[in-house]
Every structure is written in C-alpha cells, then in structure tokens.
Amino acid sequence: MSEALIAIVLVLVSLSALGVVTSRDPALQAITLGLYGLLLTLLFTVLQAPDVGLSQLAVGTVVTPLMVMLAVRKVRERKPDR
C-alpha cells in the first residue's frame with residue numbers, strides 16, 4: 001500500500017485515540033472507543049493484515065464498547081440519588 005495512505009490512517013488512529021483519552025463522560029468514551037476500534041481495523045487492513053483486522057472489528061469495535069456501556073449503565077443504576 002501507499003505510504004501516504006498508511007500515514008493518513010495512522011494520523012486518524014492517533015486523533016481518535018486522543019479523543020478517547022480526553023473524553024470525560026464514560027458513555028462518550030465508549031462511542032469514541034468504537035470509532036477507535038473501527039479505525040484500527042482500517043489500519044490493519046491497509047497494512048495487509050486482514051485476519052487481525054477482522055478480530056479487531058469483532059472485539060474492539062463491537063464487544064468492548066458494548067461491555068463498557070453495560071458497565072456504565074449498571075453503575076448508574078446503583079448510584080444513590082442526591
């Protein structure tokens with residue numbers, strides 16, 4: 001693949017990682033984590049590692065953000081009202 005395409009995808013991955021880290025709301029973090037996983041999938045595909053990209057697509061884009069959202073929901077349900 002072209003070095004320019006790899007560089008563009010790396011910049012997008014870096015920016016999305018920065019978005020995950022700087023998010024303060026856990027629900028927003030889960031959404032940006034899903035975007036980060038999708039961009040990592042794209043990076044692995046560009047780097048000609050489709051098997052790793054497929055694993056990343058399943059785990060990093062779908063399962064991990066879903067687990068984070070379920071955990072956030074559970075914690076918010078148990079939190080006493082002030």
Side-chain angles (χ1 to χ4, degrees):
M1 285 266 135
S2 170
E3 288 84 16
L5 181 60
I6 294 172
I8 290 170
V9 175
L10 277 172
V11 168
L12 289 174
V13 168
S14 300
L15 290 175
S16 66
L18 185 64
V20 172
V21 172
T22 58
S23 299
R24 301 292 294 166
D25 182 34
L28 183 61
Q29 283 178 339
I31 293 169
T32 55
L33 183 64
L35 176 66
Y36 175 70
L38 188 62
L39 288 171
L40 274 178
T41 301
L42 181 63
L43 177 65
F44 291 140
T45 304
V46 166
L47 292 174
Q48 298 178 355
D51 52 340
V52 179
L54 189 59
S55 298
Q56 175 63 33
L57 182 65
V59 175
T61 304
V62 178
V63 176
T64 304
L66 179 64
M67 294 301 291
V68 170
M69 288 299 290
L70 290 174
V72 167
R73 181 177 172 203
K74 194 68 161 176
V75 167
R76 286 184 179 168
E77 285 177 359
R78 291 185 181 180
K79 193 171 164 181
D81 293 331
R82 291 184 178 191

Problem set entry | Within one Ile-Leu-Val-Met-Phe-Trp-Tyr cluster: Leu28 and Leu18, side-chain cutoff 4.5 Å | no

Exercise. When clusters are formed by joining ILVMFWY residues with side-chain heavy atoms under 4.5 Å apart, either directly or through shared neighbours, do Ile31 and Leu40 land in the same one?
Worked result: no

Seminar exercise, completed: Distance col, row Phe44:CZ vs Leu57:CG, nearest 0.5 angstrom, shows 11.5 Å

Exercise. What is the distance from atom CG of Leu35 to atom OG1 of Thr32, rounded to the nearest 0.5 Å?
Worked result: 7.5 Å

Problem set entry | Pair listing, side chain to side chain donor-acceptor pair (under 3.5 Å) test, anchored in residues 18-31, at least two apart | Asp25-Arg76

Only distances under 3.5 Å count here; give the side-chain donor-acceptor pairs of residues 5-17 to other protein atoms, sequence neighbours excluded, each with its distance to 0.1 Å.
residue : atom : partner : partner atom : Å
Ser14   : OG   : Leu10   : O            : 2.9
Ser16   : OG   : Leu12   : O            : 3.3
Ser16   : OG   : Val13   : O            : 2.9

For this session: Can you spot which of Leu33, Val62, Thr61, Leu43 makes a side chain to side chain contact (heavy atoms under 4.5 Å, CB included) with Leu38?
Result: Thr61

For this session: Going by the side chain to side chain contact (heavy atoms under 4.5 Å, CB included) test, name the single residue among Val21, Thr64, Val20 that passes it with Tyr36.
Result: Val20

Seminar exercise, completed: Residues Pro65 and Gly60: closest non-hydrogen pair is CD-O, 3.5 Å

Exercise. Under a 4.5 Å cut-off applied to non-hydrogen side-chain atoms, are Val72 and Pro26 in contact?
Worked result: yes

